[in-house]
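Here's the structure we're looking at; comments come further down.
Remember, it's a predicted structure, so these values are computed and weren't measured experimentally. All ligand and atom numbering here is 1-based and tracks the order in the structure. Residues take their numbers from the sequence shown, with the count starting at 1.
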Amino acid sequence: YEVSVWLHRLNIVATLLVFAHVILIPYIVTITPFMTLFFVYSGVTAVMYLYYHFGKPLLARHGQLIANKKLAHSVTELVIRLNKNAQIHPGDFVYISFPEVDGFKEMHPFSILRYDQAQRELVFAIRNWGDFTAKLDKIPVGAKVKIDGSYGRLSESIKENEGKHLVFIGSGVGSVPLISLTRSLIDKHKVSFIRVASKQEDLIYESDLQDLAVKKPNLDYASQVGRLKENQVKTIVAKNRNSFYIVGGSTPMMVGTMKLLQDAGVRKADIYGEKFNF
Ligand SMILES: Cc1cc2nc3c(=O)[nH]c(=O)nc-3n(C[C@H](O)[C@H](O)[C@H](O)COP(=O)(O)OP(=O)(O)OC[C@H]3O[C@@H](n4cnc5c(N)ncnc54)[C@H](O)[C@@H]3O)c2cc1C
């Protein structure tokens with residue numbers, strides 16, 4: 001990974017050489033409109049690059065890890081307390097890093113499961129996949145956290161589809177932003193939430209969601225182990241006319257589910273999801 005980062009950094013050297021090369025060609029320098037465009041374009045790019053590298057880190061939020069526990073064999077729950085309150089929409093994600101813990105200094109994106117504004121607490125449920133996520137259990141409670149964000153358009157996409165019934169389909173940790181949206185919307189909106197996972201234990205927060213469905217008549221909740229079959233998707237679509245669908249999961253799950261929804265007659269514009277690709 002570090003080799004690939006350094007190879008990408010060589011782009012800066014290449015760009016500077018191209019810049020110097022252009023301004024050293026006499027007949028090009030005499031074409032004023034081109035040179036104006038060239039300098040404006042290069043200037044804007046340079047300012048954006050410098051802001052991204054030196055300005056943006058100064059704006060990062062800070063907090064502290066206050067709880068770290070296993071939810072399932074390969075899913076960890078982290079609770080972070082922010083130093084200052086933040087404006088966070090349900091379904092949003094943030095980039096986090098642990099600047100004082102070796103191996104955790106690089107920012108990674110994670111959806112926010114819950115934000116408790118009064119306590120300034122952010123809760124995450126994170127699948128232990130690779131270099132950063134597999135060793136999360138080793139991060140000690142009390143560790144400093146750097147946070148960039150929040151980002152995401154899930155809440156916004158719901159506002160843009162006001163009046164439609166909401167159907168959420170989530171798989172594994174891909175259901176994290178959908179749980180957050182469900183909790184925030186359920187008092188005012190009808191929501192159908194269908195959750196799948198490859199193993200029973202990966203249906204994290206299952207009893208919480210079942211309790212919520214009992215308490216809130218607006219929530220129609222169902223879960224199962226194993227993917228949704230074509231006929232199940234057709235039944236969901238038949239039951240939920242004039243609906244806006246949000247899908248969350250791995251990229252193959254999202255692509256597959258979105259295709260099944262379209263095959264069952266849902267318009268592409270009525271389906272949305274934010275991929276977990278990083
Ligand atoms: C907007 C957004 C929100 C996200 N929210 C969450 C969340 O709430 N919970 C969560 O657990 N993750 C979430 N992710 C994914 C998470 O950011 C990555 O899994 C994590 O950064 C991987 O880092 P790593 O160094 O541990 O894995 P890497 O070392 O980069 O990868 C190791 C191996 O794991 C595989 N892998 C890594 N990530 C994934 C993935 N997402 N799907 C399938 N295979 C993968 C890779 O193919 C690779 O083989 C989110 C990603 C995005 C973009």
- Task: Using the six-membered ring wherever Trp is involved, compare the ring planes of F38 and F34 and label them parallel, tilted or perpendicular (cut-offs 30° and 60°).
- Result: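 It falls in the parallel class, under 30°.
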
- Query: With under 30° as parallel and over 60° as perpendicular, where do the rings of Y151 and F93 fit, or are they tilted in between?
  - Reply: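 The rings of Y151 and F93 sit tilted, inter-plane angle from 30° to 60°.
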
- Task: Among R195, Q200, Q232, K229, find the residue that satisfies the side chain to side chain donor-acceptor pair (under 3.5 Å) test when tested with Q224.
- Result: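 Testing each of R195, Q200, Q232, K229 against Q224, the sole residue satisfying side chain to side chain donor-acceptor pair (under 3.5 Å) is Q232.
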
Closest heavy-atom pair and its distance - [X], [Y]:
{"X": "P99", "Y": "K146", "result": "CD-N, 3.9 Å"}
{"X": "I66", "Y": "V141", "result": "O-CG1, 3.6 Å"}
{"X": "V196", "Y": "L203", "result": "C-CD2, 4.0 Å"}

- Query: Under 3.5 Å, N or O to N or O, is G130 touching ligand 1 that way?
  - Reply: yes

- Task: Ignoring hydrogens and angles, state whether a donor on the side chain of N85 or Y115 is under 3.5 Å from an acceptor on the partner side chain.
- Result: yes

- So, E156 and Y272: side-chain donor and acceptor under 3.5 Å apart, yes or no?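 Short answer, no.
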
- Query: Closer than 4.0 angstrom: is that true for some heavy atom of G174 and an atom of ligand 1?
  - Reply: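 G174 does not count as a contact of ligand 1 under the 4.0 Å cut-off.
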
- Hey, is K275 one of the residues with a heavy atom under 4.0 angstrom from ligand 1? yes

Quick one: which ligand 1 atoms are inside 4.0 Å of a heavy atom on [X]?
{"X": "F93", "result": "1 (C)"}
{"X": "F132", "result": "24 (P), 25 (O), 26 (O)"}
{"X": "V173", "result": "9 (N), 10 (C), 11 (O)"}
{"X": "A125", "result": "7 (C), 8 (O), 9 (N), 10 (C), 11 (O)"}

- Item | Option set F104, W129, F110, criterion heavy-atom distance to atom 40 (C) of ligand 1, minimum | W129

Within reach of ligand 1, part of [X] (heavy-atom separation under 4.0 Å):
{"X": "S250", "result": "neither"}
{"X": "P177", "result": "neither"}
{"X": "R127", "result": "both"}

